[in-house]
Amino acid sequence: MISSNLSAIFYLVSGVLFILALRGLSSPETSRQGNFFGILGMIIAVTVTFLSIGNFSSGFIFVLLFILVGGSIGAFIAYKIPMTAMPELVAGFHSLVGLAAVFVAISAFLNPEAFNLGSPGNIKLGSLIEMSIGAAVGAITFSGSVIAFLKLQGIMSGSPITFKGQHPLNAIILISIIVIIYLLCSTQSSNLFWILLIVSFLIGFLLIIPIGGADMPVVISMLNSYSGWAAAGIGFTLENTALIITGALVGSSGAILSYIMCKGMNRSFFNVILGGFGATDDSSTGSKKEQRPVKSGNADDAAFLMKNASSVIIVPGYGMAVAQAQHALREMVDTLKKNDIKVSYAIHPVAGRMPGHMNVLLAEANVPYDEVFELEEINNDFANADVAFVIGANDVTNPVAKTDPQSPIYGMPVLDVEKCKSVLFVKRSLSPGYAGIDNDLFYRENTLMLFADAKKMTEDITKNL
Amino acid sequence: MEIDPLIFRLSIFILSIFVGYYVVWSVTPSLHTPLMSVTNAISSVIIVGAIIAGLSGNSDSIFNTSSIFGFLAIALAAINIFGGFLVTQRMLAMYKKKKKNN
C-alpha cells in the first residue's frame with residue numbers, strides 16, 4: 001500500500017501524460033507518440049489505484065477478469081470497425097463513459113464508506129452534490145449517445161423528431177433536475193437519487209431526438225464534452241486529480257469541437273440544440289421549385305474533362321462515406337496523377353458525420369495528408385482550378401449561401417466550387433441536400449451532373465481515363 | 001484559516017480547462033476524429049473509481065450491490081480504454097505523408 005500523497009502525485013503525472021497525448025495531435029508526425037503517452041498515463045493511473053488500495057484479496061481477481069473481458073471486447077471492436085463507421089463507434093463509446101460514470105456514482109452512493117465519503121444516509125454534502133452532478137451528466141451522456149448512435153447507424157430515422165411543447169417540456173425537466181439535486185442533498189433520500197437518474201436518462205433522450213442527421217457532428221462533439229464533465233464530477237467525488245484533469249480536458253475539447261462545427265454551419269449552438277432544422281420548411285421550398293435545365297453526363301464525359309485539365313480539386317462529403325467510394329476515388333486520382341494532373345482535396349469542416357470524418361477516410365485510402373486541405377486553405381484555389389469533382393457533398397458547395405439572404409444556409413461558409421472552369425457533381429438524383437434546399441450549383445452553366453452511385457461512377461471514370 | 005481542499009481541486013479543474021482550451025485549438029483539423037476517440041479513451045480513467053467500487057466488498061462477500069455496479073463500470077470503462085486507444089492507433093497509422101519520388 002502506498003501513501004495517499006504518493007498516489008496523488010502519480011495521478012497528477014498521469015493527468016500530465018493525458019495533456020501530452022492531446023498535444024501530440026497537433027501534427028500527424030507527433031500523434032502516434034501522443035497516443036503512447038495516453039496509454040502510459042492510463043497504465044500509471046490503474047496501477048496506482050491498485051497499489052493504493054493494497055487489498056489483493058479475491059476481489060482483485062474479479063477486477064482483472066472484468067478488465068480482461070471489457071478489454072477484449074474493446075480491442076475486438078477497434079480492429080473490426082470499418083473507418084466509415086467511426087461516428088457510430090465514437091457515439092457508442094461516449095455512451096459507455098456516461099454509463100460507467102453513472103455506475104460509479106451509484107456505487108459510491110450505496111457504499112460511501114469505501115470512498116471515504118461518510119456513511120449511507122449521511123454522505124458529506126459536497127461529495128453528494130458532486131456525485132449527483134456526475135451521475136446526472138453521465139446519465140444524459142448515456143441516453144443522448146444511445147440516440148445519436150441509433151440515428152447514425154440508421155436504426156432510427158435521421159430526421160428530426162419534434163412535437164408540440166417540446167422545448168417547454170425539456171425546460172421543465174431540466175429545472176426539475178436541479179430541484180431534485182437540491183432535495184436529494186437536503187434529505188439524502190435514496191429514492192430521490194433513483195428519480196434523478198431516471199429523469200436524467202429521459203432528458204438525454206429528449207434532447208437528442210429533435211436533432212437531425214447532418215447536425216450529428218455537433219451532437220457527437222457535444223456529447224464528447226458531456227462525457228468529460230461527467231468524469232470531472234466523479235473526479236471531484238473521488239478527490240482524484242487524474243480524473244479532474246482529464247474531465248476538464250475532454251470537456252473543453254468537446255466544447256471547442258462543437259463550436260468549430262457550429263461555425264462551419266454558421267449556426268448558433270442553441271439553434272442546433274433546439275433542433276428541427278431542415279424538417280419544417282419543406283412546403284415553402286417545394287412551392288418555389290421550378291423546373292430548371294441541368295446538364296448531365298456520363299463517365300466518358302467526365303474522364304474527357306479531367307484528362308484535359310491541369311489541376312483537379314476533389315470535394316468529398318458524406319455521400320462518399322455512404323458509398324464507400326474512398327478507395328475507388330484514390331485509384332482515380334492515381335491515374336490522374338500519372339497524366340501529370342495536379343490533384344488536391346478540399347474538406348469542409350462539417351463534411352461527414354463527425355469532425356475530421358473525411359480526413360480519416362482519405363487517410364484510410366492512402367491519400368497523403370499533405371494533399372488534403374481545409375476550407376480556408378484551399379478556397380482561393382478553386383478559381384484557378386480546371387475541374388472540381390464533387391463526390392457526396394452537397395449543401396457545403398451551395399453558392400446560395402453567399403447570395404440569397406432568404407436561404408436557411410445563408411452565411412454558412414461554403415467551398416467556392418462554382419469558380420472552377422468546370423464542375424463535376426456526382427449524385428444519385430437531383431434531390432435537395434439535408435438542409436432541404438435546392439443546390440444552385442446543379443443549374444450552373446459550368447456544371448455537369450453525373451447521376452450515379454459515387455463508387456460506381458468513380459470506377460467508370462478511371463476506366464475511361 | 002485553513003483552505004478547504006475542495007478549493008485546490010477546483011483550481012486544478014479550472015486551470016485544466018484552460019490547458020485543454022489551448023491544447024485542443026492547436027490540434028490540426030485533419031486529426032479531429034482521432035482526437036475524439038482518444039478523449040474517449042482517456043475519459044475512461046473513470047475506471048479508477050470503478051476499481052475502488054469493485055474492491056469495496058470485504059473478503060466474506062466480494063459481491064454486494066455496490067461492488068457489482070463497480071465491476072460493471074470496470075468492464076464498460078475497459079471496453080472504452082482498449083477500444084479507444086487501439087482505434088486511435090489504427091487511425092493514426094494511416095496518416096502518411098506524400099512519398100517523395102526523388
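Numbers restart at 1 for each chain; the letters A, B, ... are given by sequence-line order, proteins then strands. Since we're looking at a predicted model, the values are computed, not measured.
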message: Need one label for B/Ile14: side chain, backbone, both or neither, based on atoms under 4.5 Å from any heavy atom in chain A.
response: neither

field: Which atoms of A/Ile19 approach chain B - backbone, side chain, both or neither, heavy atom under 4.5 Å
entry: both

query: Given the options B/Leu86, B/Leu15, B/Thr28, which has more heavy-atom pairs under 4.5 Å with chain A than any of the others?
result: B/Thr28

query: What's the shortest heavy-atom distance between A/Ala114 and B/Ile52, and which atoms?
result: O-CG2, 3.7 Å

Test: A/Lys337 and A/Glu371 ion pair at under 4.0 Å: yes

- prompt: For B/Ala41, is it the side chain, the backbone, both, or neither that has a heavy atom closer than 4.5 Å to a heavy atom of chain A?
  reply: backbone

statement: When the 4.5 angstrom heavy-atom criterion is applied to A/Leu89 and chain B, the contacting part is side chain

message: For a side-chain hydrogen bond (donor to acceptor under 3.5 Å, both in side chains) check, start with the C-alpha distance between A/Ser26 and B/Ser26, then their side-chain angles and the critical distance, and finish with the verdict.
response: CA-CA 5 Å; A/Ser26 57; B/Ser26 75; 5.0 Å; no

message: Less than 3.5 Å apart, any donor N or O on the side chain of A/Thr49 or A/Tyr11 sitting next to an acceptor on the other?
response: yes

query: Which one of A/Ile347, A/Val104, A/Leu65, A/Asn240 has the most heavy-atom pairs closer than 4.5 Å to chain B?
result: A/Val104

- prompt: What part of A/Tyr259 is in contact with chain B, defined as an atom under 4.5 angstrom from a non-hydrogen atom: side chain, backbone, both or neither?
  reply: side chain

- prompt: Given that the side chain runs from C-beta out, which part of A/Glu239 has a heavy atom under 4.5 Å from chain B: side chain, backbone, both or neither?
  reply: both

- line: All heavy atoms of A/Ser127 vs all of A/Thr237, minimum pair found to be O-CG2, 3.8 Å

- line: Scanning both residues in full, the closest heavy-atom pair of A/Asn116 with A/Lys124 reads O-NZ, 3.4 Å

field: Per-residue contact mode, A/Val90 against chain B (heavy atom under 4.5 angstrom)
entry: both

field: Side-chain donor-acceptor contact under 3.5 Å, A/His94 with A/Asn224
entry: yes

B/Ile47 portion near chain A, given a 4.5 angstrom heavy-atom threshold: side chain

query: Do you know the tightest heavy-atom contact between B/Val87 and A/Met86?
result: CG2-SD, 4.0 Å

field: Minimum heavy-atom distance between A/Ala45 and A/Ser14, given as atom pair plus value
entry: CB-OG, 3.7 Å

- request: Report the option among B/Val19, B/Thr33, B/Leu10 that has the most heavy-atom pairs separated by less than 4.5 Å from atoms of chain A.
  value: B/Thr33

message: Using the ring centroid of each side chain, check whether A/Phe37 and A/Phe18 are separated by less than 6.0 Å.
response: no

task: Give, as side chain, backbone, both or neither, the part of B/Ile46 having an atom under 4.5 angstrom from any heavy atom of chain A.
output: both

Toward chain A, the part of B/Val38 with a non-hydrogen atom under 4.5 Å: side chain

task: Identify which part of A/Ser27 has an atom lying under 4.5 Å from any heavy atom of chain B, answering side chain, backbone, both or neither.
output: backbone

- line: Bottom line for A/Ser72: the part with an atom under 4.5 Å from chain B's heavy atoms is neither

Which donor-acceptor pairs under 3.5 Å do side chains of residues 242-253 of chain A form with protein atoms, sequence neighbours excluded?
from, atom 1, to, atom 2, distance (Å)
A/Thr246, OG1, A/Ala242, O, 2.5
A/Ser252, OG, A/Ala248, O, 2.9
A/Ser252, OG, A/Leu249, O, 3.2

query: A/Leu257 versus chain B, heavy atoms under 4.5 Å apart: side chain, backbone, both or neither?
result: side chain

Heavy-atom proximity to chain B below 4.5 Å, by part of A/Ile220: both

